[in-house]
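Working notes for the structure below.
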Amino acid sequence: MIGCRAAKLQLMLFFAILNLLAYLVVPGVSVKHENFKTCSQSGFCSRNRAYADEASAQGASWSSPYELDSSSIRFENGQLQGTVIKTTTTNEKVRLPLTVSFLESGVARVVLDEEKRMKGEIELRHGSKARKERYNEAAKWTLVGGLDPSKSAALNPEADAGFTKVLYGPDNRFQAIIRHAPLEIQFQRDGQTHVKLNDRGFLNVEHWRPKVDAPKDGEDAKNAEDQSTWWEETFGGNTDSKPRGPESVGLDITFPGYEHVFGIPEHADSLSLKETRGGTGNHNEPYRMYNSDVFEYELNSPMTLYGSIPYMQAHRKNSSVAVFWLNAAETWVDIVKTKPSINPLALGAAGTKTTQTHWFSESGQLDVFVFLGPTPQDLTKAYGELTGYTQLPQQFAIAYHQCRWNYVTDEDVKEVDRKFDRYQIPYDVIWLDIEYTDGKKYFTWDPMTFPDPKGMQEQLDEAERKLVIIIDPHLKNEANWPIIEEFKSKELGVRNKDNNLYEGWCWPGSSHWIDCFNPASIAWWKSLFRYDKFKGTFHNTFIWNDMNEPSVFNGPETTMPKDNIHYGGWEHRDVHNINGMTIVNATYQGLLERKKGEIRRPFVLTRSFYAGTQRMGAMWTGDNRAKWEYLAASIPMVLNNGIAGFPFAGADVGGFFGNPSKELLTRWYQTGIFYPFFRAHAHIDTRRREPYLAGEPYTAIITQAIRLRYQLLPAWYTAFYQASVDGSPIVRPQYYVHPDDEQGFAIDDQFYLGSTGLLAKPVVTEGATSVDIYLSDSEKYYDYFDYTIYQGAGKRHTVPAPLEKIPLLMQGGHVIPRKDRPRRSSGLMKWDPYTLVVVLGQDGTAEGTLYVDDGETFDYQRGAYIHRRFRFADSTLSSEDIGTKGPKTGEYLKTMASLRVEKIVVVGAPAEWQQKSSVTIEEEGAKAGATAPLQYTGPQGGKAAYAVVKNPNVGIGKTWKIEF
């Protein structure tokens with residue numbers, strides 16, 4: 001038996017090395033550019049860029065060949081319909097149905113399709129089984145609401161000949177001006193134009209046409225279009241058969257007077273997006289969105305990464321607008337910034353530059369949403385109504401996660417767990433990468449290295465800790481494995497262009513891919529997570545979906561061929577960027593009810609994502625490196641994800657590849673505590689780097705940073721709740737909080753935590769002992785730890801930051817909830833009392849909120865929660881209920897009745913409080929006139945005065961007043 005085990009281990013080691021050699025390069029070597037297309041190597045990208053160049057070169061003489069047939073226009077129930085006619089170079093008239101919907105939310109939607117494809121009046125090449133229509137089901141996966149038609153939208157009777165004008169939005173302050181010939185749409189707010197579609201004439205809908213052999217010589221050949229990438233395209237030894245021929249859609253979108261645009265993650269780049277047509281500090285390639293497994297991605301690059309959200313905000317002083325390009329195919333975006341041209345329709349547009357963007361996708365409909373703001377908060381709320389707000393996760397999910405590839409045995413996991421306790425370092429979740437499986441077969445445990453998953457998870461459960469295990473969408477093609485046999489028999493996999501089950505290569509070797517566009521596949525995948533099916537998993541087991549772009553080691557650009565076929569006959573090219581989300585959706589549903597009658601909020605981490613994935617889990621920025629510049633880049637990456645509606649984001653603390661110095665590891669933890677998703681992770685070839693291995697003083701400093709995250713968990717959970725109801729970013733960039741300060745619009749190395757007024761600027765450069773924090777407003781800011789005062793609008797202030805210090809300021813005017821007792825996990829903090837930090841503003845007031853629920857179930861949807869607003873004004877701190885009662889409110893409040901406030905700290909306390917020794921307390925249902933001692937400490941050495949009320953003993957869920 002021992003000999004058999006040794007032989008098996010040797011065989012496993014051999015295949016592990018083989019897999020790694022096939023996939024990985026030597027650490028330290030960056031991304032292999034030759035594996036991924038540039039625009040010049042992508043047929044439709046080159047064609048659309050060339051089309052734009054031709055239009056730009058012709059200037060005023062260029063006329064877009066698209067016009068709206070005036071006789072076809074119909075307007076009813078907030079929706080305008082008509083037919084756009086495209087006139088080709090051969091004078092063919094291509095009919096393109098147009099729908100412009102005006103929604104009750106104030107959002108407008110523009111959809112352009114192709115009549116012949118809609119009717120199926122085309123012929124597919126190569127005997128393909130693909131659908132004939134343009135892909136029109138992206139909304140099915142992405143949109144969850146916000147589509148109610150406007151009741152007040154109306155045609156403007158003052159429209160000029162050749163124009164149609166529609167008034168819509170709040171108080172009909174918005175207007176869409178549709179020029180018929182050539183087609184152009186301008187969107188106005190209060191008489192000013194903020195967004196233009198096709199004003200440069202780049203609209204390009206590649207219509208269906210039969211393949212005709214191009215002339216080989218003569219004048220016709222000289223004038224013929226280059227069709228070399230129309231009918232098939234080869235890259236990296238793989239040939240894409242393109243059975244429907246060329247079918248891309250492109251459109252220029254202009255933001256007049258807006259210099260800064262944000263969003264369209266995921267890219268390792270700045271928050272304010274750069275130009276893509278060259279120039280100092282700019283890119284020469286468009287931003288690409290084509291979910292890909294990019295090994296050791298490069299920084300300051302428009303290169304595609306693991307996820308895509310084609311949502312872009314534009315911002316100028318006191319005005320924000322946005323667009324959402326609903327298309328799941330490969331998409332590129334060019335950005336150019338110019339001095340604004342004089343245009344009567346754009347009068348009043350402020351700003352030094354206009355941002356011109358050009359969007360183009362390989363297939364699908366042209367489907368664009370336009371948001372007119374005017375504030376960033378208006379945009380995130382309206383976008384969230386459409387695609388869904390971020391999930392409210394379980395409490396443990398926003399605490400600290402400890403991971404590496406891989407903890408090698410269940411005893412290893414238990415020993416790491418014990419050492420965290422020994423060193424008194426809090427953590428909530430430990431993770432297992434692919435090595436826990438039996439030969440890379442998901443939904444199994446290696447019987448030799450993880451023989452006792454139950455005992456392992458029982459130990460974790462003693463401290464209310466969780467286990468997250470990886471489940472990828474590729475299934476090992478191994479005979480007699482019941483899961484793959486059932487998978488094949490039920491025909492649940494993605495198929496190749498010949499309509500046979502697709503086979504590719506991933507971690508297990510030969511693999512097949514679940515097709516979660518298929519309802520039957522979702523139902524089957526869900527069933528695999530049941531406790532009685534996935535033996536060895538329990539109530540504290542959760543899931544990580546990786547490699548779901550999908551990653552295919554031997555596929556084109558390390559992913560799936562575009563001419564593969566999914567459920568419903570859609571080609572993979574049509575649905576590629578949504579593919580990862582379908583896996584997360586199925587996994588999320590699988591975790592909802594693993595045991596009948598036992599429903600808990602799921603936790604799923606995903607690497608690949610699209611608009612709407614925020615409803616189902618968290619994301620991380622993928623395979624970063626243990627280098628200072630990757631630490632710095634993680635901040636704008638996380639911020640941009642939040643702006644694009646997916647704020648539950650983080651980066652691998654310490655860097656996935658390579659071995660960080662102890663200083664870098666320490667600074668990364670001090671940064672990571674401000675990621676909404678806070679996880680340390682490392683490659684299998686790196687040295688172990690659990691915090692207790694760093695040695696002193698590093699272990700102590702890292703421990704203090706992690707404890708700060710835990711201390712502020714009430715503030716974090718409140719910020720997550722806010723995101724779940726209105727789409728607010730959990731960590732917010734400077735422009736979002738101070739939309740009128742132009743100096744702050746491009747700042748992406750400091751940020752605010754929710755609505756708390758906490759302003760962080762992590763140290764991201766080696767050897768730094770201070771940072772310069774920019775303050776937009778004239779409010780007083782206080783150092784979180786010693787109350788040093790910083791004040792001065794529009795200025796940078798130097799804040800000391802020796803290795804043991806985290807640069808963190810508190811903006812005056814806020815009340816910050818926290819819990820100060822160190823515990824081993826967030827679950828053990830549930831019944832701990834609260835501390836309220838009241839940071840007085842210049843006007844002597846402060847305000848903040850706190851949200852509390854059971855952190856686990858969906859009972860909060862039936863009123864089982866506490867939502868309080870704390871206000872300080874006229875020397876009185878009060879707590880008021882801002883929640884909505886439900887059937888479970890009373891029962892929940894009873895269970896929380898003993899939860900109290902143990903301390904109140906007032907920062908910036910008035911000098912007259914020196915004479916006071918106590919405060920007076922009034923609480924509902926309690927005897928009036930109770931008091932608590934007040935301790936005052938005066939200002940000294942640039943530090944603010946503060947006062948402490950110990951044990952006011954007021955209920956966190958009750959209404960009360962404390963008079964100072």
Side-chain angles (χ1 to χ4, degrees), residues 37-68 84-94 96 112 114 179-186 196-209 212 214-215 218-231 233 242 245-256 275-279 282-288 302 325 327 329-341 343 354-363 366 368:
K37 289 181 181 178
T38 61
C39 183
S40 63
Q41 294 169 315
S42 168
F44 82 93
C45 185
S46 297
R47 295 195 300 272
N48 278 276
R49 258 195 163 186
Y51 188 81
D53 289 342
E54 180 184 358
S56 299
Q58 292 190 30
S61 63
W62 171 261
S63 181
S64 173
Y66 296 83
E67 68 175 77
L68 176 59
V84 173
I85 305 298
K86 172 187 178 182
T87 304
T88 71
T89 54
T90 60
N91 211 34
E92 179 186 357
K93 304 294 183 180
V94 179
L96 307 170
L112 195 64
E114 182 180 353
R179 184 171 70 181
H180 301 170
L183 177 67
E184 177 187 341
I185 308 178
Q186 298 197 15
K196 302 179 188 179
L197 308 185
N198 200 39
D199 75 304
R200 291 187 291 159
F202 296 175
L203 175 61
N204 184 29
V205 180
E206 293 189 319
H207 62 285
W208 182 81
R209 77 294 308 265
V212 177
E219 192 65 24
D220 288 341
K222 181 180 177 182
N223 297 325
E225 293 182 84
D226 178 8
Q227 300 186 15
S228 59
T229 58
W230 285 16
W231 309 108
E233 195 167 349
K242 295 193 176 181
E247 54 175 330
S248 74
V249 292
L251 178 68
D252 57 282
I253 303 174
T254 298
F255 303 101
E275 296 186 59
T276 61
R277 287 289 198 160
N282 292 321
H283 303 307
N284 291 307
E285 288 282 310
Y287 286 95
R288 190 185 188 200
W325 179 270
N327 191 296
E330 178 184 354
T331 299
W332 303 71
V333 182
D334 263 322
I335 298 173
V336 176
K337 300 181 182 182
T338 65
K339 294 288 185 182
S341 59
N343 184 331
T354 282
T355 298
Q356 300 172 329
T357 66
H358 182 200
W359 303 62
F360 32 98
S361 297
E362 185 180 18
S363 64
L366 192 154
V368 183

Exercise for review: Output all residues satisfying side-chain contact (heavy atoms from CB on, under 4.5 Å) with P246, sequence neighbours left out; order by chain, then residue number.
Suggested key: R47, E206, R209, W230, W231

Review point. Do side-chain atoms of D252 reach the backbone of R200 as a donor and acceptor pair under 3.5 angstrom?
Key: yes

Revision key, fill the gap. In this structure, CZ of R49 is separated from CG of N204 (nearest 0.5 Å) by 15.0 Å

Practice item. Taking side-chain contact (heavy atoms from CB on, under 4.5 Å) as the test, write out the residues that go with S56, two or more places apart. Key: F202

Review point. Under the 3.5 angstrom rule, does the side chain of Q41 hit a backbone N or O of T38 as a donor-acceptor pair?
Key: yes

Review point. Hey, are E330 and R288 close enough for a salt bridge, meaning a charged N less than 4.0 Å from a carboxylate O?
Key: yes

Check your understanding: Is R277 close to Q356 at the side-chain level, that is, under 4.5 Å between some pair of heavy atoms?
Key -> no

Practice item. Give a yes or no answer on whether the side chain of E285 reaches the backbone of C39 with a donor-acceptor pair at less than 3.5 Å. Key: yes

Point to revise | Shortest non-hydrogen separation from G278 to N284 and the atoms involved | key: CA-OD1, 3.1 Å

Study note, to complete from the structure: Separation between CD (E92) and OG1 (T87), nearest 0.5 Å, reads 9.5 Å

Practice item. Say whether, by atom type as modelled, one donor and one acceptor occur between the side chain of W62 and the main chain of G201 under 3.5 angstrom. Key: yes

Exercise for review: Ignoring hydrogens and angles, tell me if any N or O in the side chain of N198 forms a donor-acceptor pair with the backbone of L203 under 3.5 Å.
Suggested key: yes

Exercise for review: Identify the heavy atoms of K337 and T355 that sit nearest to each other, and give their distance.
Suggested key: CG-OG1, 3.8 Å

Review point. Can you name the nearest heavy-atom pair linking P65 to Y51, along with the distance?
Key: CD-OH, 3.3 Å

Review point. Heavy atoms, side chains only, cut-off 4.5 Å: are L251 and V368 in contact?
Key: yes

Exercise for review: Find the distance between CD (Q58) and CG (D53) and round it off to the nearest 0.5 Å.
Suggested key: 11.5 Å

**Study point:** Separation of K242 NZ from T229 OG1 (nearest 0.5 Å)
**Key:** 5.0 Å

Review point. How long is the gap from CG on D334 to CD1 on I253, to the nearest 0.5 Å?
Key: 12.5 Å

Point to revise | Within-4.5 Å side-chain heavy-atom neighbours: E247 and F44 | key: no

Point to revise | Main-chain N/O of V205 paired to Y66 side chain as donor or acceptor, under 3.5 Å | key: yes

Review point. Is any side-chain heavy atom of T354 closer than 4.5 Å to a side-chain heavy atom of P256?
Key: yes

Check your understanding: side chain to side chain contact (heavy atoms under 4.5 Å, CB included) between W325 and L366: does it pass, once the steps are laid out?
Key -> CA-CA 8 Å; W325 179 270; L366 192 154; 4.3 Å; yes

Point to revise | Expected output: side-chain T88 to main-chain T90 donor-acceptor under 3.5 Å | key: yes

Check your understanding: Taking C-beta and beyond as the side chain, do L183 and E67 meet within less than 4.5 Å on heavy atoms?
Key -> no

Revision key, fill the gap. Between S363 and A329, the two heavy atoms sitting closest are OG-CB, 3.5 Å

Revision key, fill the gap. Rounded to the nearest 0.5 angstrom, the CD1-CG distance for I185 and D199 is 11.5 Å

Review point. With no hydrogens and no angle check, is any side-chain donor or acceptor of S361 less than 3.5 Å from a backbone partner on T331?
Key: no

